[in-house]
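Structure first, then comments.
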Amino acid sequence: MRAVIQRVSRASVAVNGGEPRAIGPGIVILLGVGEHDTLAIVPKLAEKCAQLRIFEDEDGKLNRSAAELGYSALVVSNFTLYGDTARGRRPSFIRAAKPPLSVEAYEAFLREMQRQGLKQVQHGEFGADMQVSLVNDGPVTIVIDTDDWAKH
């Protein structure tokens, strides 16, 4: 799985032109599921995202997490994180998981995020047309690819 985590002062997602689902301070997570991913990695990834120490402590060091501070998360499914641009100018998305795996992994991730002690977890809808707005605080942006975990 791939997650792009951004520290935000506020963010929202509008699904199919509907009312925005908004958060205040916290994290935005763009989540992609790869064709070889399994549901077994979901709890570890959710914990890693919620507990990632990307907020400043009283000394100005990145030493606090969204969960620790009682902040929120906004999660948006994003298969384009698996876009392969090695050839040509049109990305190939062949490595992105297809339903039902992609849907099951996204929904499992949302359930696990609910268990992480965050103030709230807002989210988009898998496969929907979404408009995401955010104010990146810092900016701080972290990319997690669970395939990298096997290399360490």
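The structure displayed is predicted, hence computed values, not measured ones.
Using a distance-only test at 3.5 Å, with no hydrogens or angles considered, no donor-acceptor pair links the side chain of Asp59 to the main chain of Lys61. Side chain of Asn16 to backbone of Gly18: no donor-acceptor contact under 3.5 angstrom is found.
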Please report, to 0.1 Å, the donor-acceptor pairs under 3.5 Å made by any side chain of residues 64-73, with sequence neighbours excluded.
| unit_1 | atom_1 | unit_2 | atom_2 | d |
| --- | --- | --- | --- | --- |
| Arg64 | NE | Glu68 | OE2 | 2.7 |
| Ser65 | OG | Glu68 | N | 3.0 |
| Glu68 | OE1 | Ser65 | N | 3.4 |

Check: residues 36-43 side-chain donor-acceptor pairs under 3.5 Å, at least two apart:
| unit_1 | atom_1 | unit_2 | atom_2 | d |
| --- | --- | --- | --- | --- |
| Asp37 | OD1 | Met1 | N | 2.8 |
| Asp37 | OD2 | Met1 | N | 2.8 |
| Asp37 | OD2 | Gly34 | N | 2.6 |
| Thr38 | OG1 | Ala40 | N | 3.4 |

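Side-chain contact between Phe55 and Val140: absent, with no pair of heavy atoms (C-beta onward) separated by less than 4.5 Å. At least one side-chain heavy atom of Met113 sits less than 4.5 Å from a side-chain heavy atom of Ile29. No side-chain heavy atom of Leu74 sits less than 4.5 Å from a side-chain heavy atom of Val8. At least one side-chain heavy atom of Asn63 sits less than 4.5 Å from a side-chain heavy atom of Arg53. The shortest distance between side-chain heavy atoms of Glu56 and Arg7 falls below 4.5 Å. Counting heavy atoms from C-beta on, the side chains of Asp137 and Val135 never come closer than 4.5 Å. Looking only at side-chain heavy atoms (C-beta outward), Leu30 and Leu81 come within less than 4.5 Å of each other. In this structure the side chain of Gln131 reaches within 4.5 angstrom of the side chain of Asp129, judged on heavy atoms.
Sorted by first then second residue, the ring-ring contact (aromatic ring centres under 6.0 Å, His included) pairs that include residues 89-127, not counting sequence neighbours, are Phe79-Phe93.
Separating the CD1 atom in Ile27 from the CD atom in Gln6 is a distance of 11.0 Å, to the nearest 0.5 Å. The distance from atom CG of Leu110 to atom CD of Gln122, rounded to the nearest 0.5 Å, is 10.5 Å.
In terms of heavy-atom proximity, Ile5 sits nearest to Ile54 at CG2-CD1, 4.1 Å. Closest of all the heavy-atom pairs between Ala3 and Cys49 is CB-SG, 4.2 Å. Considering all non-hydrogen atoms of both residues, Leu134 and Ala11 come closest at CB-CB, 3.7 Å. Residue Pro91 comes nearest to Gly83 through the heavy atom pair CB-CA, 4.3 Å, listed as atom of the first residue, atom of the second, then distance. When every heavy atom of Gly127 is checked against every heavy atom of Ser77, the shortest pair comes out as N-OG, 4.1 Å. In plain terms, the two heavy atoms of Glu47 and Gln116 that are nearest each other are CA-OE1, 3.4 Å.
Residues Val132 and Val143 share a single hydrophobic cluster, defined by chaining ILVMFWY side chains whose heavy atoms lie under 4.5 Å apart. Clustering ILVMFWY residues whenever any of their side-chain heavy atoms sit less than 4.5 angstrom apart, transitively, puts Val75 in the very cluster that holds Val33. Linking Ile, Leu, Val, Met, Phe, Trp and Tyr whenever their side-chain heavy atoms come within less than 4.5 Å puts Val13 and Val28 in one cluster. Linking Ile, Leu, Val, Met, Phe, Trp and Tyr residues whenever their side-chain heavy atoms come within less than 4.5 Å places Ile142 and Leu45 in a single cluster. Under the 4.5 Å side-chain heavy-atom criterion for grouping Ile, Leu, Val, Met, Phe, Trp and Tyr, Leu101 is not connected to Tyr82 through any hydrophobic cluster.
Counting non-hydrogen atoms of neighbouring residues, nucleotides and ligands closer than 6.0 angstrom, the CD atom of Glu58 exceeds 12 such neighbours.
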Note to self: Working note: Arg21 + Met130, criterion side-chain contact (heavy atoms from CB on, under 4.5 Å); need CA distance, chi angles, decisive distance, verdict.
What the structure shows: CA-CA 11 Å; Arg21 302 168 185 181; Met130 295 177 277; over 6 Å; no

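Between Glu112 and Arg115, at least one side-chain nitrogen of the basic residue sits less than 4.0 Å from a carboxylate oxygen of the acidic one, meeting the salt-bridge criterion.
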